[in-house]
Amino acid sequence: MPSISSIVFTIKSKNASFLYRLLIPIQKCRFSIATTFQSPLRFLPVSPSLQQVKQAHALIITAGLTNDSTITGHLLAALALSPSPTSSSFNYPLAVFRRIQNANIFATNNMIRCLAKSETPYDSVALYADMCRSSLLPKPNNYTFPFVLQACSKVLAIVEGFQIHAHIVRLGFAQDVYVRNALIHFYSACHRTESSRHIFDENSESRDVVTWNSILAAYARDGQMDLAETLFVEMPDKDVISWSTMIMGHVQGGLLEKGLECFREMRERGLRPNEAILVTILSASAQLGLLEQGRLVHKTIESLNFPMSVSLNTALIDMYAKCGCIDRSKEIFNKMAHKDVWSCNVMICGLAAHGLGKEALALFRWFTSEGFKPVNITFVGVLNACSRAGLVDDGRRYFKSMIEDYGIEPEMEHYGCMVDLLGRAGFIAEALELIEKITIKPDPVLWGTLLGACKIHGLVELGETIGKKLIELDPTHDGHYVLLASIYAKAKKWEDVSRVRRMMVDRGANKVAGWSLIEAEGKVHRFIAGDKEHERSPEIYQMLEVITKRLAESGYLPDISPILHDIQEEEKENVIKEHSERLAIAFGLLVTEVGGCIRIVKNLRVCGDCHEVSKMISKVFQREIIVRDGSRFHHFKGGNCSCLDFW
DNA sequence: CTAGGGTTAG
């Protein structure tokens, strides 16, 4: 290693930018040695650490080159590309920039770039304004605009952006691809999608992949995926960003299947996904509960030798948890060398959803002992865990601790957890008191939760009061009618049941159609109640008969209370028998290997009778059945359920 | 020296 003085000597005797050669480790270079010797700039690593930049800076100082515009410009460029924050307490790049007496355009542009990436991007716009009016600063050129527009996009400086657009036109940079791309991005960030499109259309010659990607992103941000799709098909060459823009646009817009399909198409073309795509696709698989799809993505990650980051591991943990394999989630989580708040939150929430309240709380205790700081969502998981495990005292304690020890303002979700926890455990008065204490407008969801508690505890009168109130509040929400009806049904008040049912029909409440899905033979099979569309429908109905017969032999009597009362008794039994999850289970028994696990995903909550039947099937047919319903997991095994019939 | 997506939890 040469001494500093010899380096300085070398620099002085050769040229200033030669020092990069000495500073940057060879293995971090972007290009081969042969090309790097021709251009010293290329010795910069892709994103230098702050320490590396400071080493370079130290050498610049000792070499007496702090007034050199070009070398300082390179230093500022390195700072802009550095991943570490450079402007927390004092502005390091600005201090460097101020050392130059007559900054050239190169150094000034890089200063604008640093400010645009800083925590105060508006300063970037301010410096641009200075450039325009001060004779001490150079005039903007084509490189200036992408940087300053990036700042405008970040802080949504619409008016300033408009003015800058005018400058661009006046100074004759309106045809520059980079400038145009930056403008499209700026208008998109300000939700001026039509303006983005206008710039895109203005010049069909001056376009590159980024131009196309920018307009795709503009439409995706605006939720206009149909228009994005049209352009996506039209565009000449697509890169990985084009695909990721489309995939993420679909998934974020709720078109989960579309996102998966787009991913499949990309893979068929032999393209390598990036991390954002993989995380998004795992999230889509998780939301849909498609375990096989999720597993396929996991295998893809492995076969690509993709580097496993914390976020990718977190996405996998979440996917396995939401697809019913909480054990796989635990495995991945335990193997992770580095964990963060997010991965722990996902794990805590996953454990809670699977009814593993005690494990969730144990993890939370580990989490705090490791010095992680819990956030609002952490407590949603913790309170849910308490609720599922029936740990009322712990729940009260954690709720208090959240506010007092961690200074987290409770949100509606936290109150929801508390009302659920108290109501479920029978502390109805306390739950009521809590709802009434909340000064902000009480959420119908909270009352709905309490209504659920009334159902569990058979509180007809209170349920009636709350139910009526809720129906009045939102007559189009079908869930409230259903809950109220089932409260009446539980009390065998059949007239009231049919009255509420009729009311629901008359007022045209948006009834959400219930469905259940199961993955088998590489396909997703979705059933609705009484479904006869499936190609193996006859066999499925035969299987239902077999189930009914074998359950009857072991003493099962169907509970007809949850359904319409004004139909004949036998009919009722049939309607229940053909609930979508029953069809899915019957199909599962047909197609999965003997003794294998059956996994079902439902959009609504499991009804009491289906819950009972699932338990019985798990015993009589000796099958593990895992059902993900609208709010939690049920693991049926040997005649029991993990939710302990408490849901 | 220029640009684009920035994902994941309730």
Side-chain angles (χ1 to χ4, degrees), chain A residues 41-42 44 70 73-81 104-114 116 140-150 153 173 176-186 188-189 196 208-218 220-221 238-249 251-252 259 273-287 309-319 321-322 340-350 352-353 374-384 411-414 416-417 445 631:
Chain A
L41 262 185
R42 302 209 159 163
L44 279 171
T70 306
H74 284 305
L75 187 74
L76 289 167
L79 274 168
L81 292 166
N104 66 8
I105 184 63
F106 175 63
T108 312
N109 282 343
N110 277 308
M111 187 61 232
I112 287 191
R113 186 185 187 188
C114 281
N141 67 2
N142 55 324
Y143 289 95
T144 317
F145 296 106
F147 299 142
V148 72
L149 282 171
Q150 188 180 57
S153 310
F173 296 121
D176 184 292
V177 191
Y178 284 86
V179 175
R180 279 164 41 76
N181 294 347
L183 277 170
I184 293 176
H185 178 69
F186 162 72
S188 159
S196 295
D208 64 3
V209 214
V210 182
T211 321
W212 286 90
N213 288 346
S214 302
I215 193 72
L216 289 185
R221 199 188 310 247
K238 308 170 177 63
D239 66 2
V240 69
I241 302 289
S242 326
W243 288 94
S244 91
T245 305
M246 291 307 288
I247 292 170
M248 290 165 67
V251 173
Q252 273 157 25
N274 61 18
E275 186 175 286
I277 293 178
L278 292 168
V279 170
T280 305
I281 285 302
L282 284 171
S283 160
S285 315
Q287 288 177 61
S309 66
V310 178
S311 44
L312 202 46
N313 271 317
T314 305
L316 279 172
I317 292 169
D318 187 46
M319 182 277 288
K322 290 214 168 76
D340 63 3
V341 177
W342 269 54
S343 43
C344 294
N345 283 344
V346 167
M347 198 64 232
I348 291 171
C349 293
V375 294
N376 48 3
I377 293 132
T378 319
F379 281 102
V380 174
V382 167
L383 295 176
N384 257 327
E411 292 165 37
M412 208 42 91
E413 279 76 8
H414 300 109
C417 293
V445 175
S631 63

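Within every chain, numbering begins at 1; the chains are lettered A, B, ... in the order of the sequence lines, protein sequences first and strands thereafter. Predicted, not measured: the structure shown is a model, and the values here were computed from it.
Among the heavy atoms of the strands lying under 4.0 Å from A:D318 are primed sugar atoms or P, OP1, OP2 only; no base atom is included. A:A182 comes within 4.0 angstrom of nothing in the nucleic acid, heavy atoms only. Within the nucleic acid shown, A:N274 comes within 4.0 Å of at least one base atom, counting heavy atoms only.
Scanning for ring-ring contact (aromatic ring centres under 6.0 Å, His included) contacts around A:F147 gives an empty result, with sequence neighbours left out. The ring-ring contact (aromatic ring centres under 6.0 Å, His included) search around A:F173 returns A:F145, not counting sequence neighbours.
Between the side chain of A:D239 and the base of B:dG4 there is at least one donor-acceptor pair of N/O atoms closer than 3.5 Å. At a cut-off of 3.5 angstrom, counting only N and O atoms as typed in the model, there is a donor on one side and an acceptor on the other between the side-chain of A:E411 and the base of B:dG10.
For A:H185, a side-chain nitrogen or oxygen approaches OP1 or OP2 of B:dG4 to under 4.0 Å. Distances shorter than 4.0 Å separate none of the side-chain N or O atoms of A:R180 from OP1 or OP2 on B:dA3. For A:Q252, no side-chain nitrogen or oxygen approaches OP1 or OP2 of B:dG5 to under 4.0 Å. For the OP1/OP2 pair of B:dG10 and a distance below 4.0 Å, the side-chain nitrogens and oxygens of A:K322 include at least one atom meeting the criterion.
Of the candidate nucleotides B:dC1, B:dA9, B:dG5, B:dG5 has the atom nearest to the side chain of A:A217. Comparing B:dC1, B:dG5, B:dG10 against the side chain of A:V380 picks out B:dG10 as the nearest.
Side-chain contact between A:T144 and A:I105: present, with at least one pair of heavy atoms (C-beta onward) separated by less than 4.5 Å.
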